[in-house]
Amino acid sequence: MAVSQTTAFSAGFPGSARLVDALDEAMEGSSATVVTGAVKRLLRSLIGHGDFDLPAVCYRPSADHYQRHELYRSDRYGYSVVAMTWAPEQGTALHDHAGLWCVEGVCAGCIKVEQYESVERQAPDRFRFVRRGNHLARTGTAGSLIPPYEYHRIVNGSASEPAVSLHIYERTMTECHVFEPLGDGWFRRSSRQLCFDD
């Protein structure tokens, strides 16, 4: 994936100013729990009422990887807005969010979210996980991840239709850890640099 030097917000799209204004207001919360709760309610409302429409590029999936489009970075509050585009059945490895909270809203299609808990560690990079949840998030729904409950996989829940999700991160996430399965619930951790599609 190539790193984009500009953001889609620089050209604007329907409802972008309203989205940013509402996110800025939500960031005034007193804790991660309060902020993420406000952002979840906001995304559910804005998506449900069709109050914004993402740039056209966000609706064009790629056959060889899920796409990440950075739409905005807040100079004042530090948060970032990233749209992800998923071809049918595309998904991520088990990963963390580098200690950052995140709110994820589904703008089109459906997303399967698998949540995991780290229950044991063998130094330095061998972890045992137990799956703690599995749900299908449909258009207009939103959920949050707050460390240390940040381990999860995301997969497009459809075998035939693309999906688009909007992710609001506490700060720009430039890297994370991914976990390769070894068997019997054990995984090997490695670092992954993250970039954006043009």
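On a predicted model such as this, the values are computed, not experimentally measured, just so you know.
When all heavy atoms of Glu150 and Pro147 are compared, the closest pair comes out as OE2-CB, 3.6 Å. Residues Gly99 and Glu170 come closest through the heavy atom pair O-OE1, 4.1 Å. Listed here is the closest heavy atom pair of Ser118 and Phe127: OG-CD2, 3.6 Å. Nearest heavy atoms, Ile47 versus Cys107: CD1-SG, 3.9 Å. Nearest approach of Ile111 to Ala163, heavy atoms of both residues: CD1-CB, 3.7 Å. His152 approaches Glu104 most closely through the heavy-atom pair NE2-OE2, 3.5 Å.
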Using a 3.5 Å cut-off and no angle test, enumerate the donor-acceptor pairs between side-chain atoms of residues 19-26 and protein atoms at least two apart in sequence or in another chain.
| unit_1 | atom_1 | unit_2 | atom_2 | d |
| --- | --- | --- | --- | --- |
| Asp24 | OD1 | Tyr79 | OH | 2.7 |

Can I get a per-line list of side-chain donor-acceptor pairs under 3.5 Å for residues 30-37, giving both atom names and the distance, sequence neighbours left out?
| unit_1 | atom_1 | unit_2 | atom_2 | d |
| --- | --- | --- | --- | --- |
| Ser31 | OG | Val34 | N | 3.2 |
| Thr36 | OG1 | Ala32 | O | 2.8 |
| Thr36 | OG1 | Thr33 | O | 3.3 |

Residues 83-91 side chain polar contacts: donor-acceptor under 3.5 Å, at least two apart:
| unit_1 | atom_1 | unit_2 | atom_2 | d |
| --- | --- | --- | --- | --- |
| Thr85 | OG1 | Cys58 | O | 2.7 |
| Trp86 | NE1 | Ser165 | OG | 2.9 |
| Gln90 | OE1 | Tyr66 | N | 3.4 |
| Gln90 | OE1 | Ala87 | N | 2.8 |
| Gln90 | NE2 | Ser62 | O | 2.7 |
| Gln90 | NE2 | His65 | O | 3.3 |

Donor-acceptor pairs are to be reported for all side-chain atoms of residues 183-191 against protein atoms at under 3.5 Å, with residues two or more places apart or in another chain.
| unit_1 | atom_1 | unit_2 | atom_2 | d |
| --- | --- | --- | --- | --- |
| Arg189 | NE | Asp125 | OD1 | 3.1 |
| Arg189 | NH2 | Asp125 | OD1 | 2.8 |

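In terms of hydrophobic clustering, with Ile, Leu, Val, Met, Phe, Trp and Tyr side chains grouped at heavy-atom distances under 4.5 Å, Trp101 and Tyr72 are assigned to a common cluster. Taking hydrophobic clusters as Ile, Leu, Val, Met, Phe, Trp and Tyr residues chained together by side-chain heavy-atom distances below 4.5 Å, Val81 shares a cluster with Ile146. In the hydrophobic cluster analysis, where Ile, Leu, Val, Met, Phe, Trp and Tyr join through side-chain heavy atoms closer than 4.5 angstrom, Met173 is grouped apart from Val178. Val164 and Val155 fall into different hydrophobic clusters, where Ile, Leu, Val, Met, Phe, Trp and Tyr are joined by side-chain heavy atoms under 4.5 Å apart, directly or via other members.
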### Message
Please determine whether side chain to side chain contact (heavy atoms under 4.5 Å, CB included) holds for the pair Val39 and Met27, giving the CA-CA distance in whole Å, both sets of side-chain angles, and the decisive distance to 0.1 Å.
### Response
CA-CA 8 Å; Val39 174; Met27 295 300 150; 4.0 Å; yes

### Task
Could you give me the CA-CA distance, side-chain angles and deciding distance for Glu114 and Tyr116, then say whether side chain to side chain donor-acceptor pair (under 3.5 Å) is met?
CA-CA 7 Å; Glu114 300 174 357; Tyr116 290 79; 3.2 Å; yes

### Message
Walk me through whether Thr172 and Thr174 qualify under side chain to side chain contact (heavy atoms under 4.5 Å, CB included).
### Response
CA-CA 6 Å; Thr172 301; Thr174 58; 4.1 Å; yes

#### Entry: Test side chain to side chain contact (heavy atoms under 4.5 Å, CB included) applied to Arg138 and Val106, step by step
CA-CA 6 Å; Arg138 300 188 182 279; Val106 182; 5.9 Å; no

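Within the model, atoms NE2 of His97 and CZ of Arg171 stand 13.0 Å from one another, a figure rounded to the nearest 0.5 Å. Atom CG of Asp197 is separated from atom CZ of Arg60 by 11.5 Å, given to the nearest 0.5 angstrom. We find the CG-CD1 distance between Leu71 and Ile168 to be 8.5 Å, quoted to the nearest 0.5 Å. From Cys110, atom SG reaches atom CD of Glu161 across 9.5 Å, with rounding to the nearest 0.5 Å.
Ring to ring, Phe179 and Tyr151 are close: their centroids are under 6.0 angstrom apart.
You'll find the side chain of Leu194 reaches within 4.5 Å of the side chain of Cys176, heavy atoms only. Between Val103 and Leu43 the shortest side-chain heavy-atom distance falls below 4.5 Å. Side-chain contact check for Gln115 versus Asn134: every heavy-atom pair is 4.5 Å or farther apart. Side chains of Leu166 and Leu54 form a contact here, defined as non-hydrogen atoms less than 4.5 Å apart. Taking the side chain as every heavy atom from C-beta outward, Arg132 and Val119 approach each other to under 4.5 Å.
Every residue two or more places apart in sequence or in another chain was checked for a ring pair (Phe, Tyr, Trp, His ring centres under 6.0 Å) with His69, and none qualifies. Under the side chain to side chain donor-acceptor pair (under 3.5 Å) criterion, Asp53 pairs with Tyr59, sequence neighbours left out.
Between His167 and Tyr169, the ring planes are parallel. Angles under 30° get that label, and only those over 60° would be called perpendicular.
Within 6.0 Å of the OH atom in Tyr149, the count of heavy atoms belonging to other residues, nucleotides or ligands does not exceed 12.
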